[in-house]
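All remarks here apply to the structure that follows.
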Amino acid sequence: MERRKFLQIPIAAVPAFLASRVFGQATLSPLPLKVKFPVVVSTWDSGITANNAAWPLLEKKGTALDAVEAAGRASEEEPSCCVGLRAWPDRDGRVTLDASIMDGDGGCGSVSFLERIKHPVSVARKVMETTPHVLLSGEGAQMFAVANGFPLEDGKLSPDAEKEWKKWLEKSQYKPVINIENRNVSELKNPPANAGGSDIAPPYRFDDGSFNHDTMATAALDSSGKLAGMVTTSGMAFKMRGRVGDSPIIGAGMFVDNEAGAAVSSGVGEEVIRICGTHTVVEQMRAGRSPEQACREAVRRIVKRDAAKAKQMQVGFLALSIKGEIGAFAIQKGFTYAVTNSEWPKGKVFEAKSYF
Ligand code: ASP
């Protein structure tokens, strides 16, 4: 009972000087942002779509696990989103999906290199709940999905994805892009017509055809004080066939522990894997760091390896502590996240602070 009271310290307790400066539609993160729970947080502006699916469940005292799965499914379904079967393909023109889900008691499941299945996050949950394994991949993951009643889709690229893939083939340059949210596109060559004009970001395409980001990730703290997390992605656009990123790797793209907190990531997965990114974040929170400090430490480890390389890429971490504190940090500006709880039932978008 006492712990619940402690968890419900309102946002109004954050001193004004720490509170936000407005940056486009997003607010620069206060430190630490402590909110009422239940609460759900998701990466990027389109995290609003994910949170909108999760919040009705959390509001009715549903579990964090159900809430993050609903968030993942909404992201995979969202036509204006950058994950799921409509997303950009690999360099051979095939959409291959990665996803993971985890509860705060060590239960976890994931799928990688999965083709023609609409809801990888739900397949990941089936792996978690009905098999002795953690990760199923490729053909085996697809067979498992079909055996469990997930329809096998036709595997055709969306018209947009096909067009952009063909355009990409003209140069066939494989280079990760800096992931940013739409408010910064004015700095770029081909801003979309509605840049900065709506609460939900459209997928923004760079000159080489890739999206501004390829991953949606969510963490939730439910009314019983338990955490869960999920990540779903099509991976880096035009990746090598067979490439798997950080998202389905437990402890890289996502990690959750009810003793400390939950963390998720988006950005260049290889860099996240190299430092066991989200495990690092959760362990930092366990050691007493705030979520933002914990995310900052993970980013520092990436930058320390190769600062020149880090300058050319984006990685963002988003964390939710078991105490209900929220924080994020990214290599570059433009990493945003959405927070939804009883104070912001329609969600509020924040921008993470960044190393550069
Ligand atoms: N983290 C994802 C991957 O490396 C991509 C992204 O977040 O944009 O597959």
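We count ligands from 1, going down the list as the structure has it; atoms in each ligand are counted the same way.
- Considering backbone and side-chain atoms alike, Thr215 places an N or O below 3.5 Å from some N or O of ligand 1.
- In terms of polar-atom proximity, Arg243 is counted as a contact of ligand 1, with an N or O under 3.5 Å from an N or O of the ligand.
- Close N/O approach between Gly269 and ligand 1 is found [any backbone or side-chain N/O within under 3.5 Å].
- Less than 6.0 angstrom separates the ring centroid of Tyr337 from the ring centroid of Phe350.
- Ser112 contributes no side-chain N or O that, together with a main-chain N or O of Ser137, makes up a donor-acceptor pair within less than 3.5 Å.
- Contact annotation: for Glu270 versus ligand 1, there are no heavy atoms closer than 4.0 Å.
- In this structure, of Gly267, Gly316, Ser266, the residue bringing a heavy atom nearest to atom 1 (N) of ligand 1 is Gly267.
- The contact set between ligand 1 and Met236, taken as ligand atoms under 4.0 Å from a residue heavy atom, comprises 4 (O), 5 (C), 9 (O).
- By the 4.0 Å N-to-carboxylate-O rule, Arg73 lies too far from Glu77 to be salt-bridged with it.
- The distance from ligand 1 to the heavy atoms of Gly235 drops below 4.0 Å at these ligand atoms: 9 (O).
- Although no hydrogens or angles enter the test, the distance criterion places a donor-acceptor pair under 3.5 Å between the side chain of Thr278 and the main chain of Ala252.
- One finds a salt bridge joining Glu297 and Arg289 here, because a Lys/Arg side-chain nitrogen approaches an Asp/Glu carboxylate oxygen to under 4.0 Å.
- Residues Arg243 and Glu270 are paired through a salt bridge, judged by an N-O separation under 4.0 Å between the basic side chain and the carboxylate.
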